[in-house]
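Here's the structure we're looking at; comments come further down.
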Amino acid sequence: MNPVILGIIGCGNISDAYFNGAARSGLVRVKACADLRREAAEAKAKQFGVAAFSIEQLLADPEIEIVINLTVPLAHAAVGLQVIAAGKHVYSEKPLAATLADARALAQAAAAAGLRVGCAPDTFLGGAHQACRRVIDEGRIGQVVGGAAAVISRGMESWHPNPEFFFKPGGGPILDIGPYYVTQLINLLGPVKRVAAVATKGYPTRKVTSEPLNGQIIQVEVPTTVNGVLEFESGANIALTASWDVWKNKRIPFEIYGTEGSLLVPDPNFFGGAPQVTAQGGDWQDVDIAAHPFGVPNRPTKDGRSVADYRIIGALDMAMAIREGRPHRASGDLALHALEVMEAFSLSSTEGRHVTIESVCQRPEPVPLGTDESVFVTARKAA
């Protein structure tokens with residue numbers, strides 16, 4: 001099978017993960033990249049051995065089948081619509097758009113054109129998270145009745161080279177980090193029925209302490225601490241906290257409570273980790289993730305750890321799904337549903353009411369057991 005040809009628009013901080021992921025894959029090949037800053041595109045092109053195009057050149061190239069949209073959140077919808085208008089499939093970084101209205105317009109344009117939309121996060125396809133789903137699907141903790149999830153830190157201004165957009169419309173912890181948690185919850189439990197939340201702003205300004213913008217003051221325009229409850233169609237209700245106002249905490253990423261036991265889920269910002277399960281009041285037992293692909297640590301971190309980082313596998317699955325004529329897992333429908341849920345947090349807080357979720361999505365198909373990206377080629381046969 002010839003590799004599917006990709007183009008990348010947006011050559012910022014996150015693009016290295018996609019370039020590196022594509023370089024490891026035999027299913028896709030990046031032909032070119034583009035950015036409004038020509039020098040950024042040329043630097044990435046030189047670093048990764050691809051062509052540097054203008055956005056217009058990239059969209060006009062007949063070989064490029066899927067465009068990966070890595071622009072800032074406020075540009076996701078506009079660039080996505082350009083990609084669709086050019087007759088190409090689009091795979092976007094999260095969130096799908098800065099607003100639900102923009103996301104719906106993108107989905108409608110793609111459907112009218114017979115093209116596909118995919119969207120990060122794809123971490124829920126990782127070995128640890130697929131193993132957690134298997135625990136739930138096999139009924140090992142019974143019927144899920146509740147749970148709690150938390151993503152808590154001091155924010156992005158201490159490490160990101162250009163953190164301002166995180167604190168502007170389209171940013172904030174619920175739209176930036178929340179997609180990992182909400183998407184994993186949908187993967188585990190199915191679609192969300194309604195949301196209630198309180199959202200507040202911890203600090204009116206942020207001071208950048210990273211380079212090269214050390215000392216710059218950012219005006220905060222979005223909530224930075226959000227506490228909410230999600231009620232699922234399945235009947236489960238999950239508490240979710242997302243905050244960039246916390247100096248230190250001991251919260252774990254995820255606990256899922258069932259009628260017959262409980263499940264500890266690793267951080268959905270990564271693909272691997274060490275899930276644990278207990279039957280009723282018994283001892284915690286490790287969940288073996290070895291039979292699932294995309295869980296083995298493959299990237300060292302600055303603090304000396306090693307994590308599983310397989311970003312781009314959602315796009316690989318999408319590329320093979322196009323070839324095989326099957327649904328892809330990190331889909332536009334999933335991303336739109338997750339975005340509606342996240343937008344409902346702010347709406348619920350502002351209006352002081354439960355917000356009913358109108359969009360419909362299906363749980364993505366589980367990833368077949370295996371060792372590498374070949375599971376996406378054989379997914380239709382293994383289902």
Side-chain angles (χ1 to χ4, degrees), residues 8-19 33-44 47 55 68-82 92-103 106 119-121 151-182 197 199-226 241-248 269 301-302 311 335 338-339 342-343 345-347 349-350:
I8 292 178
I9 296 179
C11 296
N13 197 57
I14 192 62
S15 65
D16 281 14
Y18 284 86
F19 280 113
C33 61
D35 195 286
L36 287 176
R37 301 165 299 145
R38 179 72 184 189
E39 67 278 9
E42 289 176 347
K44 292 300 179 186
Q47 181 181 352
I55 293 174
I68 297 183
N69 179 7
L70 304 181
T71 57
V72 297
L74 279 174
H76 283 179
V79 172
L81 287 170
Q82 282 184 276
S92 178
E93 246 305 316
K94 46 77 187 167
L96 184 57
T99 68
L100 181 60
D102 285 345
L106 177 61
C119 188
V151 52
I152 300 172
S153 74
R154 278 294 303 156
M156 309 299 192
E157 66 271 30
S158 65
W159 65 269
H160 196 280
N162 186 21
E164 184 173 18
F165 74 90
F166 288 110
F167 301 96
K168 302 300 180 182
I174 200 66
L175 281 181
D176 182 67
I177 305 297
Y180 297 105
Y181 287 72
V182 173
T200 57
K201 187 189 303 181
Y203 302 89
T205 62
R206 297 280 180 142
K207 183 178 181 179
V208 179
T209 56
S210 60
E211 299 297 339
L213 302 177
N214 196 334
Q216 176 179 307
I217 301 299
I218 299 171
Q219 299 295 321
V220 178
E221 299 178 19
V222 292
T224 48
T225 291
V226 181
T241 296
S243 178
W244 286 340
D245 297 325
V246 177
W247 285 103
K248 199 170 184 179
N269 195 19
T301 62
K302 293 179 180 179
R311 291 178 198 276
L339 179 59
M342 292 181 291
E343 193 170 281
F345 279 73
S346 177
L347 186 61
S349 180
T350 301

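Note that CD1 of I218 is 12.0 Å distant from NZ of K207, once rounded to the nearest 0.5 Å. Note: C33 SG to I8 CD1 = 7.0 Å, rounded to the nearest 0.5 Å. Considering CG of L81 and CG of N69, their distance stands at 10.0 Å, rounded to 0.5 Å. Considering CG of L36 and CD1 of I55, their distance stands at 4.5 Å, rounded to 0.5 Å. Distance CD1/I177 to CE/M156: 3.5 Å, rounded to 0.5 Å. We find the CZ-OH distance between R311 and Y18 to be 7.0 Å, quoted to the nearest 0.5 Å.
The heavy-atom pair separating D35 from C11 by the smallest distance is OD2-N, 2.8 Å. Between I174 and A242, the closest heavy-atom pair is CD1-CB, 4.0 Å. Between K94 and A120, the shortest heavy-atom contact is CB-O, 3.2 Å. Summarising the geometry of H76 relative to T71, their closest heavy-atom pair is NE2-O, 2.7 Å, with the distance given to 0.1 Å. Here the closest non-hydrogen pair linking A98 and L175 is O-CD1, 4.1 Å. E164 and Q216 get closest at one heavy-atom pair: OE1-NE2, 3.8 Å.
Across P73, P179, C119, a single residue satisfies side-chain contact (heavy atoms from CB on, under 4.5 Å) together with L96, and that is C119. Exactly one residue among T225, V220, V226 makes a side-chain contact (heavy atoms from CB on, under 4.5 Å) with P223. That residue is V226.
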Report the C-alpha separation of L70 and F19 in whole Å, then their side-chain angles, then the decisive distance to 0.1 Å, and conclude whether the side-chain contact (heavy atoms from CB on, under 4.5 Å) test is met. CA-CA 11 Å; L70 304 181; F19 280 113; over 6 Å; no
As a quick check of understanding, evaluate side-chain contact (heavy atoms from CB on, under 4.5 Å) for R154 and W247, giving each step before the final call. CA-CA 6 Å; R154 278 294 303 156; W247 285 103; 3.5 Å; yes
Start with the C-alpha gap between K168 and Q219, add the side-chain angles, then the distance that decides, and say whether side-chain contact (heavy atoms from CB on, under 4.5 Å) holds. CA-CA 8 Å; K168 302 300 180 182; Q219 299 295 321; 3.8 Å; yes
Under the side-chain contact (heavy atoms from CB on, under 4.5 Å) criterion, do T224 and F167 qualify, and how do the steps go? CA-CA 8 Å; T224 48; F167 301 96; 4.3 Å; yes
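Within the 4.5 Å cutoff, no side-chain heavy atoms of S210 are placed close to those of P161. Looking at heavy atoms from C-beta onward, P173 lies out of side-chain contact with V151 at the 4.5 angstrom threshold. Residues W244 and R206 have side chains in contact (heavy-atom distance under 4.5 Å, counting atoms from C-beta outward).
The aromatic rings of H160 and F165 stand perpendicular to each other, their planes meeting at an angle above 60°, with 30° marking the opposite boundary.
Taking the charged nitrogens against the carboxylate oxygens, D16 and K44 do have a contact shorter than 4.0 Å, which makes a salt bridge.
When atom types are taken as modelled, the side chain of S15 and the backbone of G12 share a donor-acceptor pair closer than 3.5 angstrom.
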